[in-house]
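In what follows, a structure is listed as structure tokens, so that the remarks can point back to it.
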Amino acid sequence: MKNKDDNGTGSGGDEGGDENKLIAERRAKLAELRRAAGPGGAFPNDFRRDALAGELQAAYGERSGEWLEANPTRVQVGGRLMFKRVMGKASFAKIADRTGQIQLYLQQETLGPAYEAFRGWDVGDIIGGAGLLFRTRTGELSVRADQLRLLVKSLRPLPDKWHGLADTETRYRRRYVDLIVSETSREVFRTRSRIVRYLRDFLDALGFLEVETPMMQPIPGGATARPFRTHHNALDLDMYLRIAPELYLKRLIVGGLDRVYEINRNFRNEGLSTQHNPEFTMLELYLAWSDYRDIMDWVEKATRGLADTLNGTLELTYQGRRYDLAQPFPRVTVEQAIIDNNPGIDPLSLRDLTYLRKRCDQLGIAYHPDDGPGKLQIELFEKTAEAKLLDPTFVYAYPVEVSPLSRPNDADPFVADRFEFFIAGREIANGFSELNDPEDQAARFRAQVARKEKGDEEAMFYDADYVRALEYGMPPTGGLGVGIDRLVMFFTDSPSIRDVILFPHMRPEA
RNA sequence: GGGGCGUUAGCUCAGUCGGUAGAGCAUCGGACUUUUAAUCCGCUGGUCGACGGUUCGAUUCCGUCACGCCCCA
């Protein structure tokens, strides 16, 4: 690029080939800083803060100018320069730290050479300053700086201070810029953290043990999904990134830990969408001596508790629609949900393969010749009912055919004691009474393997060690998986999963 | 994989019925000692996503590709 020869550092950080005049100007300023720098160089690390902007606003935001004058409070603050207004021999600067922003008032007669230097600093630079708190004529709490230092020279200009960063691609690819300029985005990730902490606290209070199970697995299990493959060189062993931790967590139930959970990443080698990222965060928990109804109760309680803890209310808005979590969450069967959303369907033929195929054909749903009535029911459900489940709703009684790890229902062996939980038309959680009959589990695995051999890449592998674990005896257990990303989407009013993942999966930049 | 939309200055966006482009903010220079998207004056800044085609001439029309967003499978 044409600016490469402006100074001796022109080749640094130029991988993107996006050098321009603005960056060149800043590089020149940095070069001058390097020349003039004393001990500590151009990137000193001897400045420390004794106050944070947000805490100062909280502590002194209500104090009058007179009070501040009568009670001199000297503070040392630092952060990123977010705007500067130079008015001749005095200037205003606002700096941002992790807690908020605070304004500095800078005067030439007080600061001398540092003031002259400041005139050349740029928005985005990281600076430190110290002085007494006061209130400006217009009433803004500010620091009358008597010390001022440039700590880090920023070489790249920030987005427009008013419009911010609107380009979604840049927001995702350069999340650091998004976080610098968008309080909304920062708040999403703070909320995400609070959600995870709430769930941990909730489970810890119930005596759950948080555990970590393998991410790299020789046999990927616990879900029907295509895995990512990898290879262990020393063992010359093909391995898979986990699609779920389920089978390991249930081994721990066999081991007697009784109440375990894990919050961590799963990996599924599938497409991307507003609701799918190849790696996503799941909470899985297993509670011995419980069944799927207990788990539903837990989900309902935790969802409400989460809303109350985050917002202090059970009402919230997601994408313009009002949600009232105080209402009991309805519980409907899969078949009832199909009936409710398919006018004219024959309720007595919902397990009739020929009839279901005909309905699927009418709706343009593709299916495999080996799909049985249970699989076709789920196809129908997903096509016609799922998106309409806006208010929090439990759908239960999933066909055993599509629930290879779930316990069959005692009264109706066509279905399993399994539910899924929906909000805003999206699956948020999936839970069931765990299948603890090792011989039934072995038969289910064999059926899955048969599907896989016929080309179903999502079908499960046979996990002999898991069957062996069940043969030692697993207590009656209820289990649950919660899609944390989707939960965060709901509680942060985010339309896309990319908005709640710091670094969402993207194609490499062109 | 299919369909739709998008890609123009650092950022946010206009625009060119085909004749190599503008605004606001930012930057740069100047004025200004309490500003709040500060104000005032002046100046810069672009391979119009990439590659081909049509054309005297393409940022504009056509095609292919790349990346992104949305919808569908």
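Keep in mind that what you see is a predicted model, and the values were worked out from it rather than measured. Here is how names work: the chains are called A, B, and so on, in the same order as the sequence lines, proteins then strands, and each is numbered from 1.
- Among the atoms of the strands shown, none is found under 4.0 Å from any heavy atom of Gly271(A).
- Here the separation of A73(B) from C61(B), taken at their C1' atoms, is 33 Å to the nearest Å.
- Residues satisfying the ring-ring contact (aromatic ring centres under 6.0 Å, His included) test with Phe118(A), not counting sequence neighbours, are Trp121(A).
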Indicate for each nucleotide in nucleotides 4-9 of chain B, in 5' to 3' sequence, whether protein heavy atoms under 4.0 Å reach the base (B), only the sugar-phosphate (S), or nothing (-).
------

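- Pairing partner, U39(B): A31(B), with both Watson-Crick or wobble hydrogen-bond distances short of 3.5 Å.
- Atom name P, nucleotides U39(B) and G24(B): the rounded distance is 12 Å, in whole Å.
- With sequence neighbours left out, the side chain to side chain contact (heavy atoms under 4.5 Å, CB included) criterion links Thr191(A) to Glu187(A), Ile195(A), Leu310(A), Thr492(A).
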Under the criterion side-chain contact (heavy atoms from CB on, under 4.5 Å), I'd like the reasoning laid out for Asp493(A) against Gln319(A): C-alpha separation, chi angles, the key distance, then a yes or no.
CA-CA 6 Å; Asp493(A) 197 18; Gln319(A) 298 297 293; 3.0 Å; yes

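- Residue Asp499(A) contributes atom CG, which lies 11 Å from atom C1' of C69(B) at whole-angstrom precision.
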Encode nucleotides 22-35 of chain B as B, S and - characters from 5' to 3', where the letter depends on protein heavy atoms closer than 4.0 Å: B to the base, S only to sugar-phosphate, - to neither.
--BBSSS---BBBB

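- Contact check on Asp122(A) versus Lys84(A) returns no salt bridge, with no Lys/Arg side-chain nitrogen under 4.0 Å from an Asp/Glu carboxylate oxygen.
- Straight-line distance from the CE atom of Met506(A) to the P atom of G68(B): 5 Å, rounded to whole Å.
- The side chain of Arg171(A) places no N or O atom within less than 4.0 Å of a non-bridging phosphate oxygen (OP1 or OP2) of G68(B).
- C5(B) and G10(B) are spaced 27 Å apart, taking the P atom of each and rounding to whole Å.
- The same atom, P, is picked in G15(B) and in G2(B); the two are 31 Å apart, to the nearest Å.
- For the atom pair CG (Asn277(A)) and CZ (Arg498(A)), the distance works out to 8.0 Å, reported to the nearest 0.5 Å.
- Residue-level contact check: Thr274(A) touches the backbone only, with heavy atoms under 4.0 Å from sugar-phosphate atoms and none from bases.
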Using residues 101-114 of chain A as the side-chain source, report each donor-acceptor pair under 3.5 Å to any protein atom, sequence neighbours left out, with the distance given to one decimal.
unit_1: Gln103(A); atom_1: NE2; unit_2: Ser142(A); atom_2: OG; d: 3.0
unit_1: Gln108(A); atom_1: NE2; unit_2: Glu116(A); atom_2: OE2; d: 2.4

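- G63(B) and U20(B) have their P atoms separated by 25 Å, with the value rounded to a whole Å.
- Atom CG in Leu272(A) sits about 17 Å away from atom P in A73(B), given to the nearest Å.
- In this structure, Arg418(A) is positioned above the aromatic face of Tyr398(A), its NZ or CZ under 6.0 Å from the six-membered ring centre and within 45° of the axis.
- Not counting sequence neighbours, Phe432(A) has no partner by the ring-ring contact (aromatic ring centres under 6.0 Å, His included) test.
- Searching all strands for a Watson-Crick or G-U wobble partner of G22(B) with both distances below 3.5 Å returns C13(B).
- Among pairs with a residue in residues 360-374 of chain A, those fulfilling salt bridge (Lys or Arg N to Asp or Glu O under 4.0 Å) read Asp370(A)-Lys454(A), Asp371(A)-Arg451(A), at least two apart in sequence or across chains.
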Atom pairs and distances, donor-acceptor, side-chain atoms in residues 385-394 of chain A, under 3.5 Å, two or more places apart:
unit_1: Asp391(A); atom_1: OD1; unit_2: Arg321(A); atom_2: NH1; d: 3.1
unit_1: Asp391(A); atom_1: OD2; unit_2: Arg321(A); atom_2: NH2; d: 3.3
unit_1: Thr393(A); atom_1: OG1; unit_2: Asp391(A); atom_2: O; d: 2.7

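- Taking the P atom of each, G18(B) and C72(B) are spaced 36 Å apart, rounded to whole Å.
- Taking atom P on both C69(B) and U8(B), the two are 15 Å apart, rounded to the nearest angstrom.
- Relative to the six-membered ring of Phe47(A), Arg149(A) misses at least one condition, a distance below 6.0 Å or an angle of at most 45° to the axis.
- When both pairing distances are held under 3.5 Å, C61(B) makes a Watson-Crick or G-U pair with G53(B).
- Heavy-atom distances under 4.0 Å link RNA chain B to Lys383(A) of residues 370-387 of chain A, given in residue order.
- One can place CD1 of Ile180(A) at 14 Å from C1' of G10(B), the figure rounded to the nearest angstrom.
- Summarising the geometry, the separation between CD on Glu19(A) and C1' on G45(B) is reported as 15 Å, rounded to the nearest angstrom.
- For Tyr462(A), the ring-ring contact (aromatic ring centres under 6.0 Å, His included) test picks out Phe445(A), with sequence neighbours left out.
- Looking at residues 59-82 of chain A, you'll see that no heavy atom sits under 4.0 Å from any atom of RNA chain B.
- Summarising the base pairing, C5(B) is matched to G68(B) through a Watson-Crick or G-U wobble pair whose two defining distances lie under 3.5 Å.
- Atoms CD (Gln275(A)) and C1' (C72(B)) sit 13 Å apart, rounded to a whole Å.
- For Arg507(A), no side-chain nitrogen or oxygen approaches OP1 or OP2 of A66(B) to under 4.0 Å.
- Across the strands present, U44(B) finds no partner; the criterion is a Watson-Crick or G-U wobble pair with both atom distances under 3.5 angstrom.
- In this structure, Lys89(A) forms no cation-pi arrangement with Tyr115(A), as its terminal cationic atom is not both closer than 6.0 Å to the ring centre and no more than 45° off the ring axis.
- In this structure, Lys29(A) does not pair ionically with Glu25(A), as no charged nitrogen and carboxylate oxygen lie closer than 4.0 Å.
- Salt bridge Glu140(A)/Lys94(A): present, at least one basic N to carboxylate O contact under 4.0 Å.
- Here the separation of G4(B) from A23(B), taken at their P atoms, is 35 Å to the nearest Å.
- Summarising the geometry, the separation between CD on Gln101(A) and C1' on A37(B) is reported as 13 Å, rounded to the nearest angstrom.
- Taking Gln275(A) as the reference, Ser273(A), Arg426(A), Arg486(A) meet the side chain to side chain contact (heavy atoms under 4.5 Å, CB included) condition, with sequence neighbours excluded.
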